[in-house]
Amino acid sequence: MITLAALLLLPVGDSLQFTDVSSRIPASVRSGAVMDVVAADIDGDGDKDLIYAMEFAHNIVLRNDGTTFTDITSDDMRSTIRDSEDIALADLDGDGDLDLVFASEDDLRLAPFDVTVHEVYLNDGAGRFTTAPFQFPDSEANSVAAGDVNGDGKAEIIFGNAGQNWVFSMVQQRPVNETVQRLPMINGLCQDIKLVDVDGDGDKDIVDGNEFRNRLLRNDGGTFIDVTATNMPQNVRTETRKVVPLDVDGDNDIDLFFCNVGWIQTADPQDRLYVNDGKGRFTDVTATALPIFRQFSLDAAPIDLDGDGDQDIVVVNINKAPLTVLINDGNGVFSRSTTHPLAQLPAVDGLAILAEDINGDGRPDIYIGNRGGADVFLTGDIATSVRPPATTPGIKLFRDEGQLRLHFPAPVHRATPVAVYNTAGRLVHNAMVQPGASSHTITTDVAVQKLLVLVDGEEVR
């Protein structure tokens, strides 16, 4: 379940700096293909442990020991190799702790691997998992989600399948297939399922990220109604891999960011942004709110990088590409930053990203699954560098035809943001002047005399 409260924001004015602590993760994890990673307290000690869905390797559980992580994967889990794609956590047996469901893509053509069923493990309360005495039916699934959709206090399990999606209730500690009673009968190619309250009525709706057609299913007392035709834009053919709920414009409802690819030749790989009207009706604002970029995106995470109180977005792309860092102007309009430290990390073959407070210090950390290379684990901290008087009268701004040039009276000794807005209030340039620089040049096709220039948040004339 995704809620607005789970989407971490910094205190306004505090920006993040990151420390690479990847060495804390055992090499057994960092050398595999992590398809999904979630952080949750599985052993009841108050901190967040890590659970991994691995592609054609056994799935993994790491216990958080405060500063390091210890591999506590059970023998049952180690002995099972499948094409795991996604993870759901829920109390399946009613004992008050979190159990695990791994969705397998289940492509039988990939023998000799054992890809016959999804994996289900029960928790003994201390983070030790054993194979459940029940199984879910076999399907080709890329996604699984868990949440209480009918208000009875028990989690339902929903599989996003190639074909008809499924929903199960747990009855006397056994799954009961209630698909016919709960879901519309629709065949698709689901890649991601998110349970979120998009219409503000207090229950969880379904957003289905699909290779064929993204769908929105409104929850009506635990039964879902397809409202895609009236509430979800269908103006562009997309091939979606991940649905990312977030609040881009600060109006306290759920907007949607879609990570897209273009393996289907007719699909537009441009990631897309849908803004909610507060009642679960979405408008596609991609053309005006996102920069054009067509890397194949597998996942994204909302995170307030610059401490301005809104949610920025970090996107992982495949094919050894840099991270895409999208900075929010506060109104839900994003610009791509190539100067942000995250954008300058070594390129990764990114399959998954998690932005969450993993180490319990109240600030978001970042974990990146990197296929074929070492995963990246970054802890976030508030930037504590001494703030120079970036807006002293000594800063000189020269406005030439098609170019703005900033000259600082002395080299800056911390990263200093420069933002430029046009007369409509839209951000047209967003950069970070790095320590040691004494000048900064901005090339633009906008009439330079009409541009507002902010250095460290203050206007420079």
Side-chain angles (χ1 to χ4, degrees), residues 33 35-36 53 55-56 82-88 101-110 113 115-118 136-146 157-168 177 179-180 182-196 205-218 224-229 231-245 256-272 274 282 284 286 294-300 316-319 350-352 371:
M35 300 302 295
D36 188 29
E55 183 178 51
F56 297 122
R82 294 181 184 148
D83 185 13
S84 297
E85 298 285 334
D86 201 14
I87 307 167
V101 180
F102 293 93
S104 172
E105 191 173 3
D106 193 16
D107 189 342
L108 296 177
R109 294 170 296 177
L110 297 177
F113 294 103
V115 288
T116 55
V117 292
H118 309 301
F136 291 95
D138 190 14
S139 68
E140 184 178 337
N142 276 286
S143 184
V144 61
I157 307 298
I158 301 175
F159 284 93
N161 293 325
Q164 172 67 45
N165 293 338
W166 289 343
V167 58
F168 293 85
N177 193 333
T179 300
V180 174
R182 301 282 195 97
L183 293 181
M185 297 295 103
I186 303 170
N187 284 329
L189 293 170
C190 180
Q191 293 292 327
D192 192 27
I193 286 272
K194 286 295 189 299
L195 288 173
V196 285
D205 310 295
I206 292 177
V207 183
D208 177 344
N210 213 286
E211 285 190 9
F212 174 68
R213 184 188 190 195
N214 294 331
R215 295 188 178 275
L216 178 61
L217 306 181
R218 188 185 69 225
F224 292 91
I225 300 170
D226 188 352
V227 295
T228 305
N231 291 32
M232 181 79 82
Q234 298 293 319
N235 53 321
V236 178
R237 171 71 167 91
T238 59
E239 183 183 357
T240 293
R241 288 286 158 159
K242 194 68 70 173
V243 179
V244 183
L256 299 171
F257 182 87
F258 293 89
C259 296
N260 294 324
V261 296
W263 287 305
I264 298 173
Q265 290 187 354
T266 57
D268 182 359
Q270 168 71 41
D271 291 351
R272 308 202 75 79
Y274 292 179
F282 291 89
D284 186 348
T286 304
R294 289 184 165 82
Q295 295 92 341
F296 285 16
S297 302
L298 268 288
D299 202 359
V316 290
N317 311 294
I318 63 166
N319 300 325
L351 301 181
R371 178 175 57 185

| request: Verify side-chain contact (heavy atoms from CB on, under 4.5 Å) between Ile264 and Arg237, making sure each step is shown before the conclusion. | output: CA-CA 10 Å; Ile264 298 173; Arg237 171 71 167 91; 3.5 Å; yes

| Exam field: side chain Asp36 to backbone Ile87, donor-acceptor pair closer than 3.5 Å | yes

| task | Apply the ring pair (Phe, Tyr, Trp, His ring centres under 6.0 Å) test between Phe136 and each candidate in Phe102, Phe159, Trp166; give the one that qualifies. | result | Phe159

| request: Evaluate the side-chain proximity of Leu183 to Ile206: yes if any heavy-atom separation is below 4.5 Å, no if none is. | output: yes

| field | Under 3.5 Å donor-acceptor, Asn161 side chain and Gly163 backbone | value | no

| query | After noting the C-alpha distance and the side-chain angles of Val117 and Arg82, does the key distance pass the side-chain contact (heavy atoms from CB on, under 4.5 Å) rule? | reply | CA-CA 8 Å; Val117 292; Arg82 294 181 184 148; 3.4 Å; yes

| query | Just wondering, are more than 12 heavy atoms of other shown residues or ligands nearer than 6.0 Å to CZ in Phe282? | reply | yes

| said: Has His118 got a side-chain atom pairing as donor or acceptor with Ala103's backbone, closer than 3.5 angstrom? | reply: no

| said: Using only atom types and a distance under 3.5 Å, with no angle test, would you say the side chain of Ser143 pairs donor to acceptor with the backbone of Gly160? | reply: no

| query | About how many Å separate CD of Gln164 and CD1 of Ile186, when rounded to the nearest 0.5 Å? | reply | 7.0 Å

| query | Asp299 and Cys259: which non-hydrogen atoms are nearest, and at how many Å? | reply | C-SG, 3.4 Å

| said: So, using salt bridge (Lys or Arg N to Asp or Glu O under 4.0 Å) as the criterion, who are the partners of Glu211 when residues are at least two apart? | reply: Arg241

| note | For Asp192, the salt bridge (Lys or Arg N to Asp or Glu O under 4.0 Å) test, sequence neighbours excluded, returns Lys194

| field | Side-chain heavy atoms of Arg294 within contact of Asp268, under 4.5 Å | value | yes

| said: Using modelled atom types and a 3.5 Å cut-off, is there a donor and acceptor pairing between side-chain atoms of Asp83 and backbone atoms of Phe56? | reply: no

| What are the two closest non-hydrogen atoms of Val167 and Thr179, and how far apart are they? | N-OG1, 3.1 Å

| Judged by atom type as modelled, is there a donor-acceptor pair below 3.5 Å linking the side chain of Asn210 to the main-chain atoms of Leu189? | yes

| Among Asn165, Asp208, Asp226, whose side-chain hydrogen bond (donor to acceptor under 3.5 Å, both in side chains) with Arg215 holds? | Asp226

| message | As an exercise, state the distance from CD of Glu239 to CG of Asn214, rounded to the nearest 0.5 Å. | response | 10.5 Å

| said: Would you compute the distance between atom CG of Leu256 and atom CG of Leu216 and round it to the nearest 0.5 angstrom? | reply: 8.0 Å

| message | With a 4.5 Å cut-off on side-chain heavy atoms, are Pro269 and Val261 touching? | response | no

| task | Test side-chain contact (heavy atoms from CB on, under 4.5 Å) on Val207 and Phe258 and set out the steps. | result | CA-CA 11 Å; Val207 183; Phe258 293 89; 4.3 Å; yes

